[in-house]
There are 2 protein chains.
Amino acid sequence: MADTRSRRADAQRNYESIVAAAEAEVARSGADASLEKIARDAGVGSATLHRHFPTRQALLEAVFHDQVEGLCAQAHELAGNADPATALADWLRAVAVHGAITRGLAASLLASGRAPTTPATSSCEVMLVDAGGALLRLAQDAGTVRPEVAIIDLLTLANAVSLATEDAGVAARLIALATEGIHLHANGVPAAR
Amino acid sequence: MADTRSRRADAQRNYESIVAAAEAEVARSGADASLEKIARDAGVGSATLHRHFPTRQALLEAVFHDQVEGLCAQAHELAGNADPATALADWLRAVAVHGAITRGLAASLLASGRAPTTPATSSCEVMLVDAGGALLRLAQDAGTVRPEVAIIDLLTLANAVSLATEDAGVAARLIALATEGIHLHANGVPAAR
DNA sequence: ACCTAAATGGGGTGGCACCCCGTTTCCGTC
DNA sequence: GACGGAAACGGGGTGCCACCCCATTTAGGT
């Protein structure tokens, strides 16, 4: 990350200060943290913050980029799991739990999904769709996940759960519920836990 | 509604003006509508609005009370449905779709769930838990819904979906996915629709 | 008609996002 | 090492907001 694009050294320094301050402040106050305060903490004028990050969304994306990368890496690890359907469910749970714990992440991803202003949507969203799509395809090819399930719906669901709670336990429970469904089947509950 | 508690006639008039203005404004701008503008549209000072509704949450609850009542009534109608599990799923879909369409409703219900400040939580939430709980119990007694499923989780899920999208189609699809689960079962997809 | 408690709202305070534009800083060139 | 222009900066302005204070008005019982 950190955009190696031609940039003056002082500009690069400020960029990094802002992201660092934003990380701290967003962790404390969530996605609607005060941009003024972030600029103050970073030791730059508010205009500088707005120049580097034209929208709140742009700043949040810089803040969360690393964490999203971590989630994607986790998807690749889980892909080696014996049961692809379990791997998919586990990964969705990880995404939802991470989003629930990390104040602002869910709101940040949501915002990108809502406004179709940016042509190529948020890079974070694309990363998650790619990583999750691979997991989903494995499970569908194995015949254990219904073919009409779409990765974007699963991710939206995980994100929705993150948005609705900040409790990791609740988030995990809701994802388990959503992946298993509500029905009691003749042959018992499939993979109850 | 409208709190028949002893109140001077002018106060009652203002209370109603404010709720009416809030309905219009929240429909246009969502749950974070400007309280100042609502007061201006209602023809009262901002202090009057804050006196009647100490928190934004209190105002939103007054605005959405009727709609939540409608959803609860719908639950009672569906309770007569032949298949209780279908009734439950249909109602959850209705809740999620309604929340997705009605700007601010989901955020309003969420806020009540987040802050355990109010001892008896939001009245809207209690109403939904009661109405949905009855439906869930019917389905569990009929043996078609797993006994460990909790109504609060289902409602949180429906609310989460509302929060994550404002598109009725997407909301309905996500609820269908969550109630059916992701798995492909030997005997085919249960209630695919 | 009067009187008191209830209710009101103009205006103050502090905070915010976002932008303008005069000033400072960097860095390639000589 | 000095210089000059482009790049970057940031103080301060604007307009909006939530929330509160308190002097004034008003309802409605007697």
Side-chain angles (χ1 to χ4, degrees), chain A residues 2-22 24-26 28-63 103-104 107-108 111-112 114-115 117-118, chain B residues 2-22 24-26 28-63 103-104 107-108 111-112 114-115 117-118:
Chain A
D3 240 358
T4 339
R5 285 233 316 273
S6 64
R7 195 146 54 177
R8 251 168 54 174
D10 54 345
Q12 179 65 22
R13 236 180 296 125
N14 282 335
Y15 178 97
E16 281 160 15
S17 298
I18 292 170
V19 172
E25 192 55 26
V26 167
R28 189 174 337 121
S29 318
D32 50 0
S34 158
L35 298 182
E36 297 263 311
K37 175 156 178 49
I38 290 172
R40 233 176 292 129
D41 290 355
V44 304
S46 60
T48 298
L49 186 149
H50 284 284
R51 200 175 310 110
H52 280 294
F53 304 98
T55 68
R56 174 181 297 273
Q57 180 58 23
L59 176 56
L60 290 175
E61 211 153 307
V63 166
R103 300 189 60 126
S108 156
S112 69
R114 282 268 185 105
T117 39
T118 35
Chain B
D3 240 358
T4 338
R5 283 233 317 272
S6 64
R7 197 148 50 177
R8 252 169 52 174
D10 55 344
Q12 180 65 23
R13 237 180 297 124
N14 283 334
Y15 179 97
E16 281 160 15
S17 297
I18 291 169
V19 173
E25 191 56 24
V26 168
R28 188 173 340 119
S29 318
D32 51 358
S34 158
L35 299 181
E36 298 262 311
K37 174 155 178 52
I38 290 171
R40 231 176 294 130
D41 290 355
V44 304
S46 60
T48 298
L49 185 149
H50 284 284
R51 201 175 312 109
H52 281 294
F53 304 98
T55 67
R56 175 182 295 274
Q57 180 58 25
L59 176 56
L60 290 175
E61 211 153 307
V63 166
R103 299 188 62 125
S108 158
S112 69
R114 282 267 185 106
T117 40
T118 34

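A, B, ... follow the sequence lines: proteins, then strands. Residue 1 opens every chain.
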**Q.** Side-chain (B:Arg13) to main-chain (B:Arg8) donor-acceptor, under 3.5 angstrom
**A.** no

Q: Report yes if some heavy atom in the side chain of A:His52 is under 4.5 Å from a heavy atom in the side chain of A:Arg7; otherwise report no.
A: yes

Q. Which heavy atom of A:Arg103 sits nearest a heavy atom of A:Gly30, and at what distance?
A. NE-N, 3.7 Å

Give me the distances for all protein-to-nucleotides 28-30 of chain D N/O pairs that come in under 3.5 Å?
unit_1, atom_1, unit_2, atom_2, d
D:dG28, OP1, B:Ala9, N, 2.8

Q: For A:Ala33 and A:Arg56, work out which heavy atoms get closest and say how close.
A: O-NH1, 2.8 Å

(Q) Between C1' on D:dG10 and NE2 on A:His52, what's the gap in Å once rounded to a whole number? (A) 12 Å

Q: Give, for atom CD1 of A:Ile18 and atom CG of A:Leu49, the distance between the pair rounded to the nearest 0.5 Å.
A: 4.5 Å

Q: Quick one: pull up OG1 in A:Thr55 and CG in A:Leu60 and give me the separation to the nearest 0.5 Å.
A: 8.0 Å

Q: Round to the nearest Å and state the distance from A:Leu49 atom CG to D:dC9 atom C1'.
A: 13 Å

Q.
Under 4.0 Å, counting only non-hydrogen atoms across every strand here, what does B:Arg13 touch: a base, just sugar-phosphate, or nothing?
A. nothing

Q) Do A:Val19 and A:Phe53 have side chains that get closer than 4.5 Å, going by heavy atoms? A) yes

Q.
Reading DNA chain C in the 5' to 3' direction, which nucleotide is the first one with an atom under 4.0 Å from a heavy atom of chain A, and which is the last?
A. C:dC16 to C:dC27

Q) 5'-most contact on DNA chain D: B:Lys37 or A:Arg51, nearest heavy atom basis? A) A:Arg51

Q) Looking across every strand, which nucleic acid part, if any, lies under 4.0 Å from B:Arg56 by heavy atom: base, sugar-phosphate, or nothing? A) sugar-phosphate

Q | Canonical and wobble pairing (Watson-Crick, G-U, under 3.5 Å) of DNA chain C, dot-bracket with | | A | ||||||||||||||||||||||||||||||

Q) Can you find a heavy atom in the side chain of B:Leu35 that is under 4.5 Å from one in the side chain of B:His50? A) yes

Q) Any side-chain heavy atom of A:Gln57 sitting closer than 4.5 Å to one from A:Ser108? A) yes

Q.
The side chain of B:Arg40 is closest to which nucleotide in this list: D:dG10, D:dG12, D:dC17?
A. D:dC17

Q.
Would you say that A:Leu59 contacts A:Ile38 through its side chain, given a criterion of any heavy-atom pair below 4.5 Å between the two side chains?
A. yes

Q: Classify the nucleic acid contact of A:Ala11 as base, sugar-phosphate or nothing, counting any heavy atom under 4.0 Å across all strands shown.
A: sugar-phosphate

**Q.** Spacing between B:Leu35 atom CG and D:dC16 atom C1', to the nearest angstrom
**A.** 13 Å

Q) Touch check for B:Ser34, heavy atoms < 4.0 angstrom, all strands: base, sugar-phosphate only, or nothing? A) sugar-phosphate

Q) Between B:Lys37 and B:Arg28, is any pair of side-chain heavy atoms under 4.5 Å apart? A) yes

Q) Pick the nucleotide of DNA chain D nearest each of B:His50 and A:Glu36; which residue has the one closer to the 5' end? A) A:Glu36

